[in-house]
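Predicted model, so just to flag it, every value in this text is computed and none were measured. Order of listing sets the numbers, starting from 1, for every ligand and every atom in it. Position 1 is the first residue of the sequence; numbering continues from there.
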Amino acid sequence: MAQHAHTLVAPSLLSADFGALNQAVDLVNVSQADWFHLDVMDGRFVPNISFGFPIIKAIQARATKPLDVHLMIEHPELYLRAFKEAGANVLTVHLEACTHVHRTLSAIRDLDMKAGLAFNPHSSLDVLQDLAPILDLVLIMSVNPGFGGQRFIPATYRRIERARRLLHQNGGEDVLIEVDGGVSVSNAAELKKAGAQVLVAGSSVFGASDPYEAIKDLHQA
Ligand code: DX5
Ligand code: ZN
C-alpha cells in the first residue's frame, strides 16, 4: 500500500472562534498544518449553515497555506468560479449533491483547482472505478456531514482501504485520500495505516488547550 511519507494535516476552521478568526488563521499559518479546511454548508444538503464567500476571502487574504474547501451544498456546479475567485485551491464536492459529477469535477480542474469528491458514510465507493483518472482527492466522511464535534464512525478504516484499492486499480495512484470527522490523536495513527493521507480535524484542534501542539501531535501520531 503506497503511503505518502508525510501525512497532511488540515485543521477545520469550523471549530474556531469566529470572533477571533484572524488569530485562528495566524495560528494555522505558524503551525505544522499543511492546509486550511473550510466547510461550506447551505442548510439544504446538510442541516446546518456555516459560511460563504466573504469569510473565505477574509481567510484567503491572511492565509499562507492552501485552502481546502469542502462544499456541503446543493448545485455546487453553479459556484465553481466564485470559489476559485474566493481563493480555493482544492475544491471538493459531494457525490450525493452532483447529478453530473464527471462534468463538475472536470470543470473544477479547468479552473486550475484540485478536484475533490466527498462520500457520505453510506455512499458506495464504486464510482471510483470510473472517476479515478479525473480526481485529485477523495474525501471519506467519517461522520455524517453538517456539524463539528461528532463521533468517529469506525467503518471508515475499511472504506479508506477500499478507496485506496479502487484508486490503484483504476489509474488513480496519485489521488490523495482525505478523512474528515471525529479525527483526533487517538485514531490518527490507525487512519494513516489504513491509507489516509490528509487528516481533517476541527474540534480536536481548536477545542484543545494548545491547538498548535494538537496539530503537531496529529502529524506525529
Ligand atoms: C463536518 C465537517 C468537518 C468538521 C470536522 O461536516 O465536514 O470538516 O469541521 O469537525 P470535527 O473534527 O470536530 O469532527
Ligand atoms: Zn469538512
Side-chain angles (χ1 to χ4, degrees), residues 7-18 21 24-25 27-28 31 33-52 55-56 59 63 65-74 76 83 86 88-97 113-123 136-157 159-160 163 176-192 196-209 211 213-215 217-219 221:
T7 306
L8 306 180
V9 174
S12 165
L13 288 180
L14 190 64
S15 298
D17 174 2
F18 277 70
L21 194 52
V25 174
L27 183 135
V28 175
S31 76
D34 299 276
W35 294 349
F36 287 84
H37 185 82
L38 306 183
D39 291 298
V40 178
M41 304 178 183
D42 67 353
R44 294 186 63 88
F45 179 68
V46 289
N48 194 12
I49 298 176
S50 58
F51 54 80
I55 297 280
I56 297 174
I59 294 166
K65 296 176 179 179
L67 305 190
D68 170 35
V69 179
H70 176 193
L71 300 183
M72 285 159 274
I73 65 173
E74 291 183 356
F83 282 108
N89 300 99
V90 182
L91 195 62
T92 297
V93 296
H94 263 266
L95 174 68
E96 307 82 12
M113 294 180 285
K114 302 279 184 210
L117 184 61
F119 292 80
N120 279 340
H122 75 273
S123 289
D136 298 299
L137 177 142
V138 166
L139 197 178
I140 305 291
M141 288 305 303
S142 38
V143 299
N144 287 292
F147 303 93
Q150 300 183 83
R151 189 192 300 260
F152 177 84
I153 299 171
T156 304
Y157 299 115
R159 285 172 62 73
I160 292 170
L176 290 173
I177 296 184
E178 177 174 59
V179 59
D180 185 5
V183 175
S184 71
V185 72
S186 66
N187 54 20
E190 205 169 342
L191 286 167
K192 291 180 193 181
Q197 295 151 305
V198 187
L199 303 180
V200 176
S203 51
S204 72
V205 166
F206 291 102
S209 53
E213 284 298 319
I215 292 166
D217 291 345
L218 286 169
H219 262 302

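Asp136 places no side-chain N or O within donor-acceptor distance of the main-chain N or O of Gly116, the cut-off being under 3.5 Å. Counting only distance, with no hydrogens or angles, the side chain of Lys192 and the backbone of Thr7 share no donor-acceptor pair below 3.5 Å. In this structure a side-chain-to-backbone donor-acceptor pair under 3.5 Å is present from Arg159 to Ser123. Here the side chain of Asp42 pairs a donor or acceptor atom with the backbone of Phe45 at under 3.5 angstrom. Although no hydrogens or angles enter the test, the distance criterion places a donor-acceptor pair under 3.5 Å between the side chain of Gln150 and the main chain of Asn144. In this structure a side-chain-to-backbone donor-acceptor pair under 3.5 Å is present from Ser50 to Met41.
With ligand atoms numbered from 1 in the order given, ligand 1 contributes 1 (C), 6 (O) to contacts under 4.0 Å with heavy atoms of Phe147. Within ligand 1, the atoms closer than 4.0 Å to a non-hydrogen atom of Ala201 are 12 (O), numbered from 1 in the order shown. Less than 4.0 angstrom separates some heavy atom of His37 from each of these atoms of ligand 1: 8 (O). Interface atoms of ligand 1 facing His70, defined by a heavy-atom separation under 4.0 Å, are 7 (O). Near Met72, the atoms of ligand 1 lying under 4.0 angstrom from a non-hydrogen atom of the residue are 6 (O), 7 (O). For ligand 1, the atoms lying closer than 4.0 Å to a non-hydrogen atom of Leu14 are 9 (O). In the vicinity of Pro145, heavy-atom distances shorter than 4.0 Å reach the ligand 1 atoms 6 (O). Shown in contact with Gly181 at under 4.0 Å from a heavy atom are these atoms of ligand 1, numbered in order with element: 14 (O).
Atom 11 (P) of ligand 1 has Gly149 N, 3.6 Å as its closest protein atom, hydrogens excluded (heavy atom only). In this structure, atom 14 (O) of ligand 1 lies nearest to the protein heavy atom Gly182 N, 2.8 Å. The protein atom (non-hydrogen) at minimum distance from atom 13 (O) of ligand 1 is Ser203 OG, 2.6 Å. Distance from atom 12 (O) of ligand 1 to its nearest protein heavy atom, with residue and atom name: Gly202 N, 2.7 Å. Regarding atom 2 (C) of ligand 1, its nearest protein heavy-atom neighbour is Asp39 OD1, 3.4 Å.
What you find for Ala201 and Leu218 is that their closest heavy atoms are CB-CD1, 3.7 Å. Of all the heavy atoms in Val183 and Ser142, the pair that sits closest is CG2-OG, 4.4 Å.
Counting heavy-atom neighbours within 6.0 Å of Lys114 NZ, excluding the residue itself, gives a total of 12 or less.
Side-chain contact between Ser31 and His219 is absent, with no heavy atoms from C-beta onward closer than 4.5 Å.
Polar contact with ligand 1: absent for Gly148 (N/O pair, distance under 3.5 Å). Ligand 1 has no N or O atom lying under 3.5 Å from any N or O atom of Ser204, backbone or side chain. In terms of polar-atom proximity, Met41 is not counted as a contact of ligand 1, lacking any N or O under 3.5 Å from an N or O of the ligand. The shortest N or O to N or O distance between Asp180 and ligand 1 is below 3.5 Å.
At a heavy-atom cutoff of 4.0 Å, ligand 1 is contacted by the side chain of Ser12 but not by its backbone.
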Trace of the side-chain contact (heavy atoms from CB on, under 4.5 Å) decision for Val28 with Phe206:
CA-CA 10 Å; Val28 175; Phe206 291 102; 4.0 Å; yes

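For Gly146, the closest heavy-atom approach to ligand 1 falls below 4.0 Å. Not a single heavy atom of Phe152 sits under 4.0 Å from any atom of ligand 1.
Nearest N/O/S atom of Asp180 relative to the Zn ion (ligand 2): this is OD2. Among heteroatoms of the N, O or S kind in His70, ND1 lies nearest the Zn ion (ligand 2). Summary: OD1 is the N/O/S atom of Asp39 found nearest to the Zn ion (ligand 2).
Note: His94 and His70 have parallel aromatic rings, judged against thresholds of 30 and 60 degrees for the angle between ring planes.
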